[in-house]
Amino acid sequence: MEGLSFHVDPGEIVAIVGESGSGKSVSALSIMRLLPRHTARIPRGRVNFNGRNLLELDDEQMREIRGRDISMIFQEPMTSLNPILTIGMQITEPLLIHMGMTAEQARARAVELLGLVGIPDPARRLDQYPHQFSGGMRQRVMIAIGLACNPKLIIADEPTTALDVTIQAQILELMKDLSRKLNIALIIITHNLGVVARYADRVIVMYAAQLVEQGDADPVFHQPRHPYTMGLLRSVPRLDRPRGAKLETIEGLPPNAAAPPAGCRFAPRCPYRIPICDTEPPLLKTDTGGLSRCHRHDEIAAGKIVWAASDAALQTALAQSATPLLSVRHLVKHFAVAGGLRENRGVVRAVEDVNFDIYPGETLGLVGESGCGKTTVGRLILQLEEPTAGEIRFEGVDLAKTSAAELKAVRRKVQVIFQDPYSSLNPRMTVGQIIGEPLHVYKLAPDRKAAETRVAQLLEQVGLRPEMAARYPHQLSGGQRQRVGIARALAMEPSFIVCDEAVSALDVSIQGQIINLLEDLQRRLGLAYLFIAHDLAVVRHISMRVVVMYFGRIMEIADRDEIYREPLHPYTKVLLDAAPVPDPAVEKDRAPRLITGELPSHLAPPTGCVFNTRCPMASEECRQIVPPLREVRPGHYAACIKV
Amino acid sequence: MLRYVISRLLYTIPTLLGVAVLVFFMLRVVPGDIVEVKLRGDGGTVSQEVIEMERKRMGLDKPLLEQFGSWMVGVVTLNFGNSMWTERPVMEEIRLRLELSLQVAIMATIIAVFIAIPLGTMAALFRDTWIDYATRIITIGGLSIPSFWFGMLIMLSLLGFFNWLPPITFTPIYVDPVANLTQLIWPALAVGYRYCAVVARMIRSSLLEVLNEDYIRTARAKGVYEKLVISRHALRNALLPAITVIGLEFTFLIGGLVVTEQVFNLNGIGQLFVQSVSRNDFTLIQGMVMLIAAFYVFVNLAVDLLYAVFDPRIRYT
């Protein structure tokens, strides 16, 4: 990280955005002086806080400031709390240390804080341990710890990235309210542009360890003055806009932080690069009152440079085929949970009575929060799990009743792309071996030579150079690995691919590239996708029809644009409301309907409609009747008795 | 919790039964006969008749299953029979030795844990400095030097530098604690060194891992004193894996100190074991194997329960 300058005022929310490796977390940790000592150094610079330079304080003075004046909220609520200490102990610790409170005073304050962050029954919960809290609740506890000593500044490093969208909205609203009410300055570090648009007053955009653009939220979103910001904003799929064309992407990969390119660091990926870009641009004042690290920012301001709109509009017209490729009927999956040594078993109803069809060449989006059963549906289709009941038909054949040989043929045609490109490739095999393996197993290539040719061809198909075959997974970037995963799936010449959170782990600019690749392959090879994801905007972009799941059941099925324009089910509505849109102007006009409460326990599911415990429209009836999925409008199904 | 303990105790029954079956029949398969060793072992000639009579007296002529059955009836009532060699009750033979072995094991554990925790902690906190390197040399020494040899070094240096040797006859601690401790502290040190090395290395590596955890960063971000970060937040988590190692080492000390006991002239369980095997003293061997198996099972149970005390995530129901 180098040459970063910014300021935050009391009660102000500043967002630092950037992709992974852009140095945003490092900047936060260096304010707190929490970087590991033996690897990180801060050779130059100042961090002025209330008139004191934090970098010149000794360790003891710095310790006094941490937790009392500046507090920090971390990304991972699951690992950021000490598992063997009670929540009460962890909240009262800074109070006892910094405020000199007695144990009773600290406990009373802790009860107050837990109430403030919306944890019910706070006095009792103080004596519990972190594992007894859900992810969202733990993040609230982290916020309570952060607020404990009435700090003047809170730094939140990706505070909601690990949380579901409805919980994310609750947490961010809470932080925003508290910041305004208590006049706390807030720095939010995030990669989610929607979060920035909804909550930030000012924005700092980072790229390759440098600040590239800074300014008030409105101008940065509407009149960006740096090509990277322009590209970033264009490569995010938008929830509030119908899909018109291909996603625009920033080509190429971010530079290696150890050896950044000379001159402008974005130049290698920048479509407007000119000779002067070989010299390093200074941070320049822009017409909109912000700063931009681009030689040509005034040309951008004058409208001489506009991001070229992408060429061909996407063909979405789909030859409606009469027979579905895959059809799922009354699919049920229950998991038995062993409790203790005696038979004290519970049943988790992961998937309950799920029905849908997928037609050849179609993309069906499957959205829902964690624990809703979407991944289990994918695993059932892939035959990785045995259904408890119901049938899955592929090309008209019931998979439960097929012979082993037929099943093998089906397995070849049904492939999968996993979420995590880091752990789903065997680190001891070369890319060529990974992609070539199915060719040998299924004898798809007559000899070695043919297999090698096929691997090279597959690599080219997914936009990698054939020489990559000799590399190992750790030598590739995240996006490249995901391309390898796609090539491996394509090696089997499938007609149907389950994409399980296939782009969730990727950075925005890389995510766009992979989505375009998937769409491209679909057009050329006539593939059908089941696209499982939690990101509503991505699903909207890629899918033709969308299925919304909650707690093991389908809530709504409809055409992509219809479900976003006129959602019928109350759950779909809150889900859409909770997801922020990367546009501050749009965000200002939205009054997000906040969903309250947490997911119910899988061991004690609600009676009647599974959503009734959190539904704003729920009535007594909803607690008794399990609503069937019915066709409310042509092609638009919803499982709610109120619509 | 209580239910869990009871069910775990019930599970020990099949385990111990399996041990009993194995040790009983394996001893009978091994060639050698206690009566012949006893009567002819010194080279004298004894007529076959006398041997048969002796066998009959000991009940060795009965069918195997009947012998096993009557032994098992005894085991259930905690009566392991009489030693075939000394003719004294097995329980009594073992009790004397166990007292000594158990005391050495407990003392070694105390020494090891009290030295290992600060040693391992310092090594982790001052990683890659001279403190860490010095600790590494000490601990690797402990792992590679055999306990009996270290014991001999202790004895020789006591003799060489102080011209003094510890007492060589065992006095129980409740009779004369000073005499007891002056004798047993040295073997406890000798085996405690190795023990300490194992535990210290375990603590060093688990503490290094814990110090990288997110919750340690959280604690520092709260402005917690560094000392508290280490003792309250890090060390308590790092001790969890060390408990397993301590349990395993402890059970080993009960029966595994054959040579060290010899060096210090201690009449412990290890010695008794070797003796009884060389004499083909079936009843005594069986009794000792059952004892050590039971020790393993109960120490493991204790370790599992200790885990629940240290780690609130573990709850037994």
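Every heavy atom of this structure was used, including side-chain atoms; hydrogens, water molecules and symmetry mates were not. A note on names: the letters A, B, ... follow the listed sequences, proteins ahead of strands, and every chain is numbered from 1.
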Chain B contacts, top residue of M89(A), E64(A), Q128(A) (heavy-atom pairs, under 4.5 Å): M89(A)

Which atoms of Y225(B) approach chain A - backbone, side chain, both or neither, heavy atom under 4.5 Å: both

Result of checking H233(B), R236(B), R232(B) against I84(A) for side-chain contact (heavy atoms from CB on, under 4.5 Å): R236(B)

Shortest non-hydrogen contact between M142(A) and T218(B), atoms and distance: CE-CG2, 3.7 Å

Portion of I65(A) that has a non-hydrogen atom of chain B nearer than 4.5 angstrom: neither

Chain B interface, residue from H98(A), R63(A), M78(A), R68(A) that has the most non-hydrogen pairs under 4.5 Å: R63(A)

D214(B) side chain reached by Q75(A) side chain, heavy atoms, under 4.5 Å: no

More than 12 heavy atoms of other groups within 6.0 Å of M26(B) CE: no

Spacing of CD belonging to E93(A) relative to NZ belonging to K222(B), to within rounding of 0.5 Å: 4.0 Å

F114(B) atom CZ, neighbour heavy-atom count above 12 within 6.0 Å: no

Region of Q132(A) that comes under 4.5 Å of a non-hydrogen atom in chain B: neither

Separation of R217(B) CZ from L34(A) CG (nearest 0.5 Å): 8.0 Å

Crowding at CZ, R136(B) (>12 non-hydrogen neighbours, <6.0 Å): yes

Interatomic distance, M32(A) atom CE to R220(B) atom CZ [nearest 0.5 angstrom]: 12.0 Å

F310(B) atom CZ, neighbour heavy-atom count above 12 within 6.0 Å: no

Validation row: N237(B), N82(A) side chains within 4.5 angstrom (heavy atoms): yes

Q105(A), CD atom: more than 12 neighbouring heavy atoms under 6.0 Å: yes

Partner chain B: residue of P94(A), S71(A), P83(A), G67(A) with the largest heavy-atom pair count (under 4.5 Å): P83(A)

